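Given the structure is predicted, the values throughout are model-derived calculations rather than measurements. Every number for a ligand or one of its atoms is a count from 1 in the order of the listing. Throughout, numbering of the chain's residues begins at 1 and tracks the sequence.
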Amino acid sequence: MEIKLSMPTDNKGLTGRECPVCKKYFKIKFGTGLKGPVPCHCPYCNYIAPHDQFWTEEQINYVKSVALNYVSNELLKTFKKSEVKAKPNQLISFEIKVKGKPTPIAYYSERDLEQNVLCKNCTLEYAIYGKFGYCPDCGIHNSHEIFITNIELFKKLLTLSQNSDPAVSKLIIEDALENSISTFDGFCRGALKIKDSTLNISFQNIDNARKSLIKKYNFNIAQGINKTDWEKIIFAFQKRHLLAHNLGKIDQEYINKTNSGQGLLGKPVSISREEVIKITDLLKKMAENLSVFIS
Ligand SMILES: [Zn+2]
Ligand SMILES: [Zn+2]
């Protein structure tokens, strides 16, 4: 006997998957991505195996419960046929009544995940924890793509906040700068780890990172960026540092690194929307350089 059943998906049509090796959860949309039966790549550890090895515990319990529900239902139906009703006018009478309910079905719902991704290489739609991972269908590491998606989102927020209340606007601009740089740092660290897992360079200090990469690989992350734009990058990274660690007040380190006047010491740092938008483009350029370098 065979029972055919379709797996429940989340409200966007994605089905849960669990890696048999690292046990981490992700979701994919069947029907998107590569055609034909292709093995599945774990987005986190890149373990590759057929899809039937990636069932989640909830899905296995669900399938078992559907089978048990069917069998117990059939059994109950058979027993019900043997029921005997008591005959009221007889001296001795007996009754057989079948009680019981079929085994319930273990319904479940798929979990929420942080990042929805559309693989530009194979068109698979999938969702993962964290920001970066391998595409479960084509196996490409899509950190660069996710980085671009995030940066575009920050830019969109900056544009949308144009008519906001000045205090709200200021907050959005500062957040966009901080988020863009930490996303850039996350992307670069992750990308470099694919090349050499022992490397640990902080890209929040961009000048040091650039020098380290030149020294180790003779690779310049700022390739194609002119002197004026490089200075803008140095300013922006220093401003982010002040916002994150010094309540946005200018310190001596900022003055030294940006060659600013001593009179600025202790004053609040200011950053404009245009400045942050320009920085997001320069971050994209540096990320692209790094992507080409590691590929
Ligand atoms: Zn895994
Ligand atoms: Zn793909």
Peer 1: Under 30°, 30 to 60°, or over 60°: which ring-plane class applies to Phe147 and His144, parallel, tilted or perpendicular?
Peer 2: parallel
Peer 1: May I ask you to decide if the ring planes of Phe293 and Phe219 are parallel, tilted or perpendicular, using 30° and 60° as cut-offs?
Peer 2: parallel
Peer 1: With under 30° as parallel and over 60° as perpendicular, where do the rings of Phe26 and Phe54 fit, or are they tilted in between?
Peer 2: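 Perpendicular.
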Peer 1: Does one side chain, of Arg273 or Ser161, offer a donor that lies under 3.5 Å from an acceptor on the other?
Peer 2: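 Indeed, the side chains of Arg273 and Ser161 share at least one donor-acceptor pair under 3.5 Å.
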Peer 1: Can you check the angle at the Zn ion (ligand 2) formed by SG of Cys119 and SG of Cys135? Round it to the nearest 10°.
Peer 2: 110°
Peer 1: For the side chain of Ser72 and the backbone of Thr103, is there at least one donor-acceptor N/O pair under 3.5 Å apart?
Peer 2: yes
Peer 1: Taking only protein atoms, how many N, O or S atoms are found under 2.8 Å from the Zn ion (ligand 1)?
Peer 2: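 Number of qualifying protein atoms: 4.
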Peer 1: Quick check: does any side chain N or O of Lys193 sit under 3.5 Å from a backbone N or O of Leu199, one acting as donor and the other as acceptor?
Peer 2: yes
